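Below is one structure, written out as structure tokens; the observations come after it.
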2 protein chains.
Amino acid sequence: MREEQANRCGPGAADQARACTVREALDRVGGKWSIGILIAASTGPVRFTELERRVEGISRRMLTLTLRNLERDGLLVRHVHPTVPPKVEYTATPMARELYESLVALTRWAERHREAISAARTAYDREHGTPAG
Amino acid sequence: MREEQANRCGPGAADQARACTVREALDRVGGKWSIGILIAASTGPVRFTELERRVEGISRRMLTLTLRNLERDGLLVRHVHPTVPPKVEYTATPMARELYESLVALTRWAERHREAISAARTAYDREHGTPAG
DNA sequence: CAGAATCCCCATTGATACTG
DNA sequence: CAGTATCAATGGGGATTCTG
């Protein structure tokens with residue numbers, strides 16, 4: 001997690017340049033937990049512990065790391081309240097909400113083809129060897 | 001590369017179920033090379049070696065592996081011509097082309113926010129330590 | 001030409017313990 | 001509460017070699 005190239009897609013065949021642009025976007029939400037966090041924070045400010053509960057299965061460490069990355073990319077804003085005990089809130093930026101909206105088309109695609117893909121896999125695994133033997 | 005759950009998103013908070021659906025889609029194109037291959041094969045049948053040239057930087061091994069995954073998911077069709085020397089052609093399925101169209105929104109998002117993200121990173125790295133420092 | 005088989009590295013993730 | 005610090009496991013991906 002720390003893809004340095006922010007926009008270096010460079011030259012090359014036209015379609016591979018497009019591929020690179022797509023990857024640019026995917027690399028920011030490609031992490032295992034990014035989407036879950038983004039969605040949880042898109043409705044309003046969320047606290048660290050609340051995220052820990054809502055994003056099921058995430059470890060404290062990964063929550064911290066993913067949070068930092070999202071913040072670094074400008075997808076999340078971190079607001080620290082100087083109180084004791086500490087209170088930190090994370091909020092999705094407009095850019096992040098736009099991102100999520102762009103993902104809607106992809107979500108629909110997944111829903112439409114869920115079964116087709118599942119079937120394709122079963123068929124494939126029958127012809128070639130199945131994962132377990 | 002062999003995510004077994006084809007559609008097991010299970011129950012849980014509503015937004016985390018959505019997060020899971022998004023990940024379902026992302027997991028199929030999340031690989032480093034999937035998109036490049038998909039795009040290269042979306043215009044028409046492509047041969048193995050041609051892909052090797054067009055998808056810049058890919059190794060023979062990763063090409064084979066990614067090809068197999070895409071085929072397994074029903075995104076690519078593999079056609080073997082019984083000639084000598086062998087000739088194998090890969091073609092994107094309609095489902096794959098739909099997928100690529102769904103990615104257009106994401107591509108636009110990436111283009112719109114390229115600079116903003118780059119700036120956010122620079123700012124972040126200035127306040128906190130930079131990667132190399 | 002189109003792979004399959006091997007070996008190896010390191011980035012991502014996880015588990016656990018400690019702290020301002 | 002909201003992290004940081006360490007250690008360990010896993011597997012994605014690269015490089016190379018062999019083959020029908």
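Just so it is clear, the model here is predicted, and its values are computed rather than measured. Throughout, protein chains are lettered first and strands after them, A, B, ... in sequence-line order, and every chain is numbered starting at 1.
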Practice prompt. Mind checking salt bridge (Lys or Arg N to Asp or Glu O under 4.0 Å) for A/R54 and listing every partner two or more places apart, or none if nothing turns up?
Written response: A/E50, B/D15
Worksheet item: Could you state the CD-C1' distance from B/E71 to C/dA2, rounded to the nearest angstrom?
Response: 13 Å
Worksheet entry | Which residues share a side chain to side chain donor-acceptor pair (under 3.5 Å) with A/T21, sequence neighbours left out | B/R114
Practice prompt. Quickly work out the A/K87 NZ to D/dG3 C1' distance and round it to whole Å.
Written response: 17 Å
Worksheet entry | Between C/dG3 (C1') and B/E89 (CD): distance, integer Å | 16 Å
Fill in: side chain to side chain contact (heavy atoms under 4.5 Å, CB included) partners of B/P45, counting only residues at least two apart
B/E89, B/T91
Fill in: Straight-line distance of B/R68 CZ to B/L63 CG, nearest 0.5 Å
9.0 Å
Worksheet item: How would nucleotides 14-20 of chain C be written as a contact map, 5' to 3', with B for base contact, S for sugar-phosphate-only contact and - for no contact, using protein heavy atoms under 4.0 Å?
Response: BB----B
Practice prompt. Using heavy atoms and a sub-4.0 Å distance, could you list which residues of residues 39-50 of chain A are near DNA chain D? By number, please.
Written response: A/R47, A/F48, A/T49
Worksheet item: Quick one: does A/S42's side chain have a donor or acceptor within less than 3.5 Å of a partner on A/I39's backbone?
Response: yes
Item to complete: Please determine which of A/L67, A/T93, A/T66, A/V46 meets the side chain to side chain contact (heavy atoms under 4.5 Å, CB included) test together with A/L76.
Response: A/L67
Discussion item. Strictly distance-based, threshold 3.5 Å: is any side-chain N or O of A/R47 a donor or acceptor partner for the main-chain N or O of A/K87?
Written reply: no
Worksheet item: What's the CZ-P distance between B/R68 and D/dG13, to the nearest Å?
Response: 17 Å
Item to complete: State which residues pass salt bridge (Lys or Arg N to Asp or Glu O under 4.0 Å) with A/R60; sequence neighbours excluded, sorted by chain then number.
Response: A/E52
Practice prompt. Write down the distance between NE2 (B/H81) and P (C/dA2), rounded to a whole number of angstrom.
Written response: 10 Å
Practice prompt. Measure the distance from CG on B/L63 to C1' on D/dG12 and round it to the nearest whole Å.
Written response: 16 Å
Practice prompt. Identify the heavy atoms of A/R18 and B/Y100 that sit nearest to each other, and give their distance.
Written response: NH1-OH, 2.7 Å
Worksheet entry | Pairwise 5' ranking along DNA chain C for B/R78 and A/G30, keeping only the more 5' one | B/R78
Worksheet item: To the nearest angstrom, how far is B/L65 atom CG from D/dG12 atom C1'?
Response: 9 Å
Worksheet item: Rounded to the nearest Å, what distance is computed from the CD atom of residue B/E52 to the P atom of nucleotide C/dG3?
Response: 10 Å
